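Treat the numbers as computed from the prediction; the structure is a model and nothing was measured. Scope of the values below: all heavy atoms of this structure, side chains included, with no hydrogens, waters or symmetry mates. As the structure lists them, so they are numbered: ligands from 1, and atoms in each ligand from 1.
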Amino acid sequence: MTRKLGMRGNQHLGLCTYGLYAYDSVWLLARALAAFFKQGGNISFSKDPRLKGNGGRLRLDSMSVFDGGNLLREMIFKTEMTGVTGPFRFTSDRDLYRPAFEVINMVGTGFRRVGYWSNYSGLSVVPPESLYSKPPNISSSNQRLHRMIWPGQETDTPRGWVFPNNGRQLRVGVPKRVSFQEFVGQVAGDDGDDMFRGYCIEVFTSAVYLLPYSVPYKFLSFGDGLKNPDDTDIVHVITEGVYDAVVGDIAITTNRTKMADFTQPYIESGLVVVVPVKELSSSAWAFLRPFTPPMWAITGIFFLVVGAVVWILEHRMNTDFRGPPRKQFITILWFSFSTLFFAHKESTVSTLGRIVLIVWLFVVLIINSSYTASLTSNLTVQQLSSPVKGIESLLASNDPIGYQLGSFTHNYLIQELGIRASRLVPLNLPEDFVDALRKGPRNGGVMAVVDERAYMEVFLSTHCEFSIVGQEFQKNGWGFAFRRDSPLAADLSTAILKLSESGELQKIHDKWLMRSACTSENTKLEVDRLELKSFSGLFSICGTASFLALMVYFALLACQYKRHYYSNSDQSSGGGGGGGTGGSRSGRMRTFLSFVDEKEESVKSRSVKRKEMEDSRGSSIGGGDASSMNGSY
Ligand code: GLU
């Protein structure tokens with residue numbers, strides 16, 4: 001609703017604006033009359049010749065017209081003045097110059113101003129005269145009013161009171177399902193009406209509730225109640241004008257979108273392959289399953305190698321690693337395998353030995369925990385009892401495939417995947433699914449069932465002997481179908497998005513479809529064996545550490561041997577006696593090996609003694625006291 005605004009559009013005047021405008025009008029008339037008289041006009045009246053004729057009866061000839069009317073009108077249109085409501089003049093077309101209005105919102109018996117309208121700026125929340133200085137901008141984004149209050153104290157713009165459907169209820173077709181009635185199921189209604197309940201129905205009613213107008217509707221069932229109706233047929237009925245809409249588990253497919261307008265999908269559901277599975281039988285050798293054979297071999301070899309390396313590093317300084325050869329061999333084996341349980345009793349005393357051991361214990365820790373984890377999952381794993389691994393295996397074989405009667409799956413498998421129609425077996429009830437899958441392709445059953453994930457999740461929640469294999473190979477969603485160009489499709493899409501964003505859609509899903517009895521979520525269909533390559537990094541770290549430790553050890557040993565050898569040869573040449581060093585190559589090797597085998601402590605104490613003896617010999621030579629110089633080798 002608008003009311004005329006004075007040129008200045010005083011926003012505080014409210015109702016008074018009219019009074020001041022009248023004042024301006026009187027002032028305008030006075031100005032025009034003054035100009036009129038100035039132009040020589042005088043006030044006289046004469047008979048209007050146009051009113052003559054057969055007006056005798058009406059006495060129209062007695063009527064008079066104002067002679068100066070034209071002149072006065074001209075004067076009015078020429079008048080330019082500034083009244084109390086602002087500048088006032090007319091355009092050359094005799095329109096008011098820059099007319100402006102207030103836009104008011106009637107609320108009960110009062111009103112509130114929600115903005116202005118002017119020729120120049122269109123709708124705005126600021127007075128038009130403040131916009132005259134700016135370039136005109138009547139783009140829709142610039143057209144703004146303050147928030148309206150609608151009847152019922154609503155601030156959302158009403159879309160009308162009732163969805164216009166020629167005064168009758170919306171006829172909503174619903175498939176009369178005989179299976180998976182969690183989605184759509186018929187219940188006895190009052191007065192013989194068709195009543196439905198289920199996930200799809202609750203999503204529809206909740207979405208309709210969110211519409212800004214009311215939509216009276218009635219459900220009409222479709223199908224004979226003996227088998228699931230073909231959903232493409234029910235959508236086709238819309239085109240015949242029997243239904244205005246179809247609500248149910250209707251997948252949005254290209255074919256169907258050619259016949260009706262669909263809402264946004266309210267649930268995702270693609271096609272999956274379901275096959276029988278069986279528990280993997282526990283065998284006596286199940287404990288070997290976690291690792292591949294190369295992994296077992298390399299792990300065993302590493303146990304022995306690390307045992308040997310630690311023995312080498314410890315042998316010269318640790319009595320635990322000394323003794324008769326047989327005992328030492330057993331020590332190596334015992335030590336290395338007891339590290340598997342961190343139960344080795346032999347202490348390591350050399351720094352290099354400790355380094356190698358700590359790296360190895362870390363490797364053992366990882367191997368241990370991986371083995372435990374893998375064994376646990378291997379013992380609970382299920383195994384496919386059919387060779388089908390996904391849709392690819394089905395395409396490659398010639399075995400029968402089950403599908404749900406009435407579903408678009410039939411056409412999809414034939415037209416899109418090129419599967420022969422003779423391979424497809426229609427199944428009506430979940431019991432038929434079970435029966436056909438159990439029998440298998442050799443006994444008149446099916447190799448696998450292809451159906452939408454939504455149904456299969458419900459099915460598998462109570463049938464643990466079957467499982468989904470491979471990926472979902474076709475993606476689709478379910479929506480509500482409406483007649484072409486029906487505004488309800490768009491409005492319900494918005495409502496579905498609102499339901500989804502508010503979390504309501506998920507709640508409805510959980511209420512109808514959430515099952516916890518037996519889910520296929522935890523079913524692992526592949527036996528994952530831990531391979532050598534997953535541990536190659538660990539083994540190379542440990543191998544490198546052992547190798548470096550050995551290198552350092554032998555380098556130190558060589559230095560020590562050199563010192564020992566030369567001091568011995570000095571002594572033998574100086575003392576004239578053989579120190580067991582030997583002259584030949586094999587003799588030298590024997591000496592080296594016996595040196596390596598010898599306890600480091602005794603080598604050290606011997607060299608200390610020798611040093612003392614050398615010192616005492618030096619002093620006795622100096623002091624003239626000769627004594628025996630032979631060492632105790
Ligand atoms: N959701 C299926 C479809 O849209 C219907 C399945 C059925 O009724 O069997 O085709």
(Q) For ligand 1, which is the ligand I care about here, please tell me if Ala251 has any N or O atom under 3.5 Å from one of the ligand's N or O atoms. (A) yes
Q) In the protein, which heavy atom is nearest to atom 10 (O) of ligand 1, and how far is it? A) Arg256 NH2, 2.8 Å
Q. Which residue and non-hydrogen atom of the protein lie closest to atom 5 (C) of ligand 1, and at what distance in Å?
A. Asp231 OD2, 3.0 Å
Q: Report yes if the distance between the aromatic ring centroids of Phe204 and Tyr266 is under 6.0 Å, otherwise no.
A: no
Q. Can we say Lys475 and Glu472 salt-bridge, meaning some charged N sits less than 4.0 Å from an Asp/Glu carboxylate O?
A. yes
Q) What residues form a side-chain contact (heavy atoms from CB on, under 4.5 Å) with Ile301, not counting sequence neighbours? A) Val305
Q.
Starting from atom 8 (O) of ligand 1, what is the nearest protein heavy atom, named by residue and atom, and what distance separates them?
A. Arg177 NH1, 2.9 Å
Q) Does the separation of the ring centres of Trp512 and Phe183 fall below 6.0 angstrom? A) no
(Q) Would you say the rings of Tyr116 and Phe101 are close, in the sense that their centroids are separated by under 6.0 Å? (A) no
Q.
Counting non-hydrogen protein atoms only, what is the nearest one to atom 9 (O) of ligand 1? Give residue, atom name and distance.
A. Leu405 O, 2.7 Å
(Q) For atom 6 (C) of ligand 1, what is the closest protein heavy atom, and at what distance to 0.1 Å? (A) Tyr455 OH, 3.2 Å
(Q) Going by side-chain hydrogen bond (donor to acceptor under 3.5 Å, both in side chains), name the residues that satisfy it together with Lys439, two or more places apart in sequence or in a different chain. (A) none
Q: Note the single closest protein heavy atom to atom 2 (C) of ligand 1, along with its residue, its atom name and the distance in Å.
A: Glu452 OE2, 3.1 Å
